[in-house]
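First the structure, in the form of structure tokens, and then the observations on it.
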Amino acid sequence: MKKLVLIDGNNVVYRAFFALPLLSNSQGMYTNAVYGFTTMLLKAIEEEKPTHLLVAFDAGKTTFRHNTFKEYKGGRQKTPPELSQQLPFVYQLLDAMGIKRYDLDNYEADDIVGTLSKRAKDAGFSVSIITGDKDYLQLVEDHVNVSLIKKGISDTVVYDTEKVRERYGIDPEGVIDLKGLMGDASDNIPGVPGVGEKTAIKLLKQFGTVERVYEQLDEVSGKKLKESLETNHDQALMSKQIATIDRDSPVLITLDDCAYKNKVTPELTELFHELGFQSLLEKMDLPEEEKSPTENPSIEVMVVTHFSEDQLVSPSALIVEMLDENYHYGDILGFAVANKSGTYFIQTVNGLNDSLFCSWLADRSKEKIVHNGKQAEVALNWRGLKLNGVIFDVGLASYLIDPAEAGQDLASVAKKRGITDVETDDAFYGKGAKRVIPEGDGQAGHLGHKAAALFALKPILAGELKTNQQEQLLSDLEMPLSRVLARMEFTGVQTSGETLKAMGRELDATLEVIEKDIYELAGVSFNINSPKQLGEILFEKLMLPAIKKTKTGYSTAADVLEKLRGRHEIIDKILDFRQLGKLKSTYVEGLLKVINPKTGKVHTCYNQTLTQTGRLSSTDPNLQNIPIRLEEGRKIRKAFLPSEPGWQIFSADYSQIELRVLAHIADDAHLKQAFIDGLDIHTKTAMDVFGVEKNGVTALMRRHAKAVNFGIIYGISDYGLSQNLGITRKEAGRFIEKYLESYPGVRHYMEDIVKKAKKSGFVTTLLNRRRYLPEITSRNFNLRSFAERTAMNTPIQGSAADVIKKAMVIMDRRLAEEHLKSRMLLQVHDELIFEVPEEEIERMKVVVPEVMEHAITLKVPLKVECAYGPTWYDAK
DNA sequence: CCACACACGC
DNA sequence: GACGTACGTGTGTGGG
């Protein structure tokens with residue numbers, strides 16, 4: 001006989017939460033409700049041995065019952081965030097176990113259960129319902145029983161028709177009449193005042209139903225009772241109606257959909273590990289994890305020396321193997337392809353010489369699945385090859401699904417999804433200095449498994465993206481951007497080694513003088529670059545007051561030294577030495593090391609899957625932190641030139657993009673107006689915070705206001721602001737308070753986003769980029785506060801990143817459409833740098849701001865400022 | 001080899 | 001009252 005088990009998910013999770021202490025896993029995430037629910041679920045499966053299983057959930061706040069009675073479930077305590085945060089894991093758990101879950105707009109879990117139990121009974125199933133809610137007893141009938149959870153989570157009492165009669169003295173159908181008369185405080189159902197369980201049962205035993213009670217009201221004994229029944233006639237009927245479970249609700253799934261196979265998946269093991277459910281893991285008799293991936297017989301990797309047409313079918317997963325050294329210069333260690341025809345490995349030389357393979361790589365119509373395709377594309381470009389037809393990038397996808405887990409090895413991404421037969425590169429090649437490329441054909445197996453995993457991962461990740469509504473973010477933003485970045489990196493930026501060397505010589509001369517001065521002032525020579533030695537000199541030998549300490553000793557950081565200025569001549573010298581030393585080592589010497597001797601250019605690598613906010617990062621060299629604030633440093637920019645004679649460096653930057661994004665997201669009328677009116681935002685903030693007219697804003701006020709603005713977009717704390725401005729915490733607190741009074745929409749946003757993050761466990765940006773903040777419900781003040789500030793900051797910074805990324809994709813197309821020769825070279829978070837032929841300058845002055853300002857339409861205008869000159873330094 | 005302190009950018 | 005601005009990369013020091 002078929003057996004259907006129906007579980008009221010909300011009820012069981014809720015009971016588990018309150019029955020168990022607030023357990024948490026190693027990451028501080030609460031797990032007690034998930035744990036309790038899991039225990040219940042496993043017990044039910046073991047005892048009931050269901051062939052079909054479904055967990056029903058309540059859909060939302062309002063149901064059809066609210067149409068009849070708008071106070072339904074009124075006055076209920078809000079679900080604690082510690083509980084609601086666990087719900088997603090309950091869903092994940094069910095999905096991993098292959099158990100159907102279902103909710104239905106306007107209906108509650110009990111209606112779903114009622115409907116399916118009826119259908120199942122009619123189809124000849126036996127049905128067990130698991131819940132802690134007595135209301136369900138109304139569903140009991142032949143072949144349908146209810147397991148009512150008693151105190152705690154482990155005890156249940158099974159109610160069949162007989163048991164209901166025994167306990168209440170009425171038939172199961174009578175439960176709704178019971179409710180109609182006695183009401184239900186927990187659902188805010190009124191019933192008839194003065195009628196409790198005893199009286200209600202007595203009445204029902206005598207009359208049968210609520211309606212009958214009223215038909216024969218005269219026969220009711222007791223004057224008071226009669227009166228109360230009489231005056232509350234409508235209320236009693238309404239209460240009965242509300243308490244009635246709808247057994248014909250529009251449930252769209254079928255019984256077949258609920259078919260259940262007891263199977264332990266790798267996803268489940270992974271999830272249990274994540275949740276820290278060690279005891280359950282042991283209990284479940286899990287299969288041993290695959291230890292030696294190459295032993296997996298299901299993937300046979302064929303080593304080929306050239307490809308045939310029928311081996312390169314669409315879609316195919318493609319691995320272009322390189323180790324983590326710089327992909328502009330690194331070797332390709334082989335290729336692997338996986339598709340429905342099989343899994344193939346080809347050595348680099350053979351692949352590069354196989355014209356069929358090379359034209360397949362370049363063919364737009366041949367669909368490819370890759371992992372961080374930018375690397376492959378650039379590496380192929382350096383070999384004169386093209387890569388087209390990439391339809392899915394697993395690296396980018398996993399980054400969007402959870403930026404905290406991305407940027408990882410393909411093996412980790414796969415393992416998380418239950419594909420365990422891929423070795424990490426670290427494991428296969430060894431890590432650090434021990435890294436070697438194994439002899440023989442072991443590599444074919446490794447690459448083959450990677451390619452096969454890639455092929456298998458695509459539908460899984462696509463599904464996850466769909467759930468998160470991030471498909472467009474991948475297909476219309478990050479994947480096209482990957483192509484744009486590849487081109488920018490490959491194009492590179494012309495860099496004058498001579499200019500750098502000349503600057504280096506000057507720096508050397510100056511540094512030598514300063515160094516000598518410092519030794520003289522200190523009375524001894526020492527390593528100025530060693531904070532330890534420097535600390536000893538300053539705070540022990542020269543007896544300067546130590547303001548701040550670090551874990552390891554005295555702090556000699558710039559802000560500390562600033563405060564010691566004027567106390568000793570040596571301080572200024574040290575600050576100068578540090579500043580110039582940094583220029584010399586990082587910028588002059590550092591950049592010289594990475595200029596390509598053949599092209600005279602630097603070719604950065606953008607990491608598109610690293611930052612938690614959605615920004616890019618840049619390495620080898622980092623071209624996003626070239627000095628600009630201090631003139632000495634800024635001169636470094638003179639070394640960056642156009643790559644063609646007579647061209648110009650053209651720079652375009654967003655003005656106040658983050659504050660504009662804030663005005664948009666917070667939808668703050670006052671802040672929006674300020675931008676619409678084109679005001680100087682820091683002056684405007686000063687006017688609001690200090691309550692003065694424009695003419696009354698002093699330079700100091702503006703500086704303070706600017707710091708407040710800066711802090712606001714980073715999720716401010718009074719302490720942070722006080723440090724920044726050198727004022728007391730109280731004063732800083734007053735500034736913030738004043739600010740939030742002036743911009744109530746911003747205050748509301750800040751409070752709201754934290755609440756939302758607590759509820760859902762993540763925050764999102766304009767284009768639905770996500771960041772999870774598990775620590776936002778931590779009891780550790782430190783961790784929680786940090787997560788709260790992150791909740792405020794990430795949508796702002798991340799949305800700004802969305803805007804400029806979108807602008808880059810559009811800009812790239814626009815340059816092509818207009819047949820402009822100008823090239824996009826760099827992105828520095830809120831600015832784009834181009835090299836532009838003289839004759840295109842005027843056009844670019846129009847096109848670039850147009851594209852950037854309209855990349856995404858906000859409720860405030862975006863403003864872009866352009867500049868150009870013969871070097872990056874001059875584009876100011 | 002790694003953690004740390006420091007300094008550069010947005 | 002705790003802690004303590006966001007996000008990054010690179011360099012040099014110094015301990016294991």
Side-chain angles (χ1 to χ4, degrees), chain A residues 403 407 431-434 526-535 548-561 574-575 577-591 593-594 604-607 610-630 632-634 636-637 653-658 662 707-725 729 732-733 736 771 778-798 800-801 804 826-831:
Chain A
K431 57 179 169 186
K434 293 193 199 104
F526 62 102
N527 185 345
I528 308 167
N529 280 323
S530 162
K532 185 165 170 276
Q533 295 182 32
L534 179 62
K548 207 165 76 179
K549 286 204 152 195
T550 66
K551 276 180 216 169
T552 46
Y554 306 105
S555 169
T556 63
D559 62 319
V560 173
L561 298 188
I574 290 166
L575 286 166
F577 184 87
R578 282 248 181 92
Q579 190 209 334
L580 300 179
K582 173 82 176 172
L583 291 178
K584 178 87 202 318
S585 67
T586 303
Y587 296 104
V588 172
E589 286 167 0
L591 281 169
K593 271 186 235 164
V594 293
T604 188
C605 296
Y606 287 106
N607 196 329
L610 184 135
T611 74
Q612 299 304 299
T613 54
R615 278 187 173 183
L616 301 174
S617 78
S618 155
T619 56
D620 294 308
N622 181 352
L623 292 180
Q624 292 182 321
N625 73 342
I626 303 300
I628 187 163
R629 282 174 198 182
L630 301 170
E632 297 95 316
R634 190 174 199 154
I636 294 285
R637 296 181 172 225
D653 68 294
Y654 282 110
S655 154
Q656 304 296 350
I657 188 167
E658 277 159 336
L662 172 64
V708 172
N709 276 330
F710 194 44
I712 286 291
I713 55 180
Y714 290 147
I716 198 153
S717 69
D718 49 7
Y719 179 86
L721 185 65
S722 72
Q723 286 295 296
N724 202 322
L725 289 175
R729 232 168 93 169
I736 296 167
R771 181 177 190 179
S778 169
R779 278 158 298 182
N780 178 326
F781 174 87
N782 217 351
L783 296 177
R784 189 177 64 246
S785 304
F786 188 79
E788 285 172 355
R789 289 200 298 274
T790 309
M792 303 184 224
N793 161 258
T794 297
I796 302 172
Q797 193 182 119
I804 192 163
L826 297 173
Q827 188 250 46
V828 191
H829 308 308
D830 65 353
E831 66 177 315

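FYI, side chains are in, hydrogens and waters are out, and symmetry mates aren't considered; it's all heavy atoms of this structure.
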Could you list all N or O pairs between the protein and nucleotides 1-3 of chain C that sit under 3.5 Å apart?
| from | atom 1 | to | atom 2 | distance (Å) |
| --- | --- | --- | --- | --- |
| dC3(C) | O3' | N782(A) | ND2 | 3.4 |

Distance check needed: [N] [atom2] versus [X] [atom1], whole Å only.
{"X": "N622(A)", "N": "dC10(B)", "atom1": "CG", "atom2": "C1'", "result": "11 Å"}
{"X": "D718(A)", "N": "dT5(C)", "atom1": "CG", "atom2": "P", "result": "12 Å"}
{"X": "Y554(A)", "N": "dC6(B)", "atom1": "OH", "atom2": "P", "result": "14 Å"}
{"X": "Y719(A)", "N": "dA6(C)", "atom1": "OH", "atom2": "C1'", "result": "17 Å"}
{"X": "F577(A)", "N": "dG12(C)", "atom1": "CZ", "atom2": "P", "result": "11 Å"}
{"X": "I804(A)", "N": "dC7(C)", "atom1": "CD1", "atom2": "C1'", "result": "15 Å"}
{"X": "L583(A)", "N": "dG12(C)", "atom1": "CG", "atom2": "P", "result": "13 Å"}
{"X": "Y587(A)", "N": "dG10(C)", "atom1": "OH", "atom2": "C1'", "result": "8 Å"}

Listed nucleotide nearest any side-chain atom of [X], set [options]:
{"X": "R615(A)", "options": "dA6(C), dG14(C), dC4(B)", "result": "dA6(C)"}
{"X": "Q612(A)", "options": "dG9(B), dG8(C), dT9(C)", "result": "dG8(C)"}
{"X": "T552(A)", "options": "dA5(B), dA7(B), dG9(B)", "result": "dA5(B)"}
{"X": "T619(A)", "options": "dC8(B), dG12(C), dG10(C)", "result": "dG10(C)"}
{"X": "K532(A)", "options": "dC7(C), dT9(C), dG15(C)", "result": "dG15(C)"}
{"X": "Q797(A)", "options": "dG4(C), dA6(C), dC10(B)", "result": "dA6(C)"}
{"X": "H829(A)", "options": "dC8(B), dC10(B), dA5(B)", "result": "dC10(B)"}
{"X": "P531(A)", "options": "dA7(B), dC7(C), dC6(B)", "result": "dC6(B)"}

Between [X] and [N], does any side-chain N or O lie under 4.0 Å from OP1 or OP2?
{"X": "T556(A)", "N": "dA5(B)", "result": "no"}
{"X": "R634(A)", "N": "dG9(B)", "result": "no"}
{"X": "N793(A)", "N": "dT5(C)", "result": "no"}
{"X": "T613(A)", "N": "dC10(B)", "result": "no"}
{"X": "Q533(A)", "N": "dG14(C)", "result": "yes"}
{"X": "S555(A)", "N": "dA5(B)", "result": "no"}
{"X": "K551(A)", "N": "dC4(B)", "result": "yes"}

Which part of the nucleic acid, if any, lies within contact of [X], taking any heavy atom under 4.0 Å across all strands shown: a base, the sugar-phosphate backbone alone, or nothing?
{"X": "L616(A)", "result": "nothing"}
{"X": "D620(A)", "result": "sugar-phosphate"}
{"X": "L721(A)", "result": "nothing"}
{"X": "F786(A)", "result": "sugar-phosphate"}
{"X": "G590(A)", "result": "sugar-phosphate"}
{"X": "R629(A)", "result": "base"}

**Asked** Only one of T611(A), L610(A), T604(A) forms a side-chain contact (heavy atoms from CB on, under 4.5 Å) with N607(A), so which one is it?
**Response** L610(A)
**Item:** dG4(C) to dC10(B) separation - P atoms, rounded to the nearest Å
**Value:**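 Those two atoms are separated by 26 Å.
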**Asked** Can you tell me how far P in dA5(B) sits from the matching atom in dT5(C), rounded to whole Å?
**Response** 14 Å
**Asked** Does NZ or CZ of K549(A) fall inside the cone over Y554(A)'s six-membered ring, less than 6.0 Å from its centre and within 45° of the axis?
**Response**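 Yes, a cation-pi geometry holds between K549(A) and Y554(A).
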Is any side-chain heavy atom of [X] closer than 4.5 Å to a side-chain heavy atom of [Y]?
{"X": "L616(A)", "Y": "Q624(A)", "value": "yes"}
{"X": "T613(A)", "Y": "R771(A)", "value": "yes"}
{"X": "K548(A)", "Y": "D559(A)", "value": "yes"}
{"X": "L575(A)", "Y": "F577(A)", "value": "no"}
{"X": "I636(A)", "Y": "L591(A)", "value": "yes"}
{"X": "R637(A)", "Y": "I628(A)", "value": "yes"}
{"X": "L721(A)", "Y": "F710(A)", "value": "no"}

**Prompt:** Hey, does the side-chain of N724(A) have a donor or acceptor N/O within less than 3.5 Å of a partner on the base of dT5(C)?
**Reply:**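 Pair found.
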Between [X] and [Y], which heavy-atom pair has the shortest distance, and what is it?
{"X": "E658(A)", "Y": "I796(A)", "value": "O-CG2, 3.5 Å"}
{"X": "N527(A)", "Y": "N529(A)", "value": "OD1-N, 2.8 Å"}
{"X": "L583(A)", "Y": "P627(A)", "value": "CD2-CG, 3.7 Å"}

**Pairing string, 5' to 3', for DNA chain C - Watson-Crick or wobble contacts under 3.5 Å, brackets [ ] where pairs cross, | to another strand** = ......|||||||||.
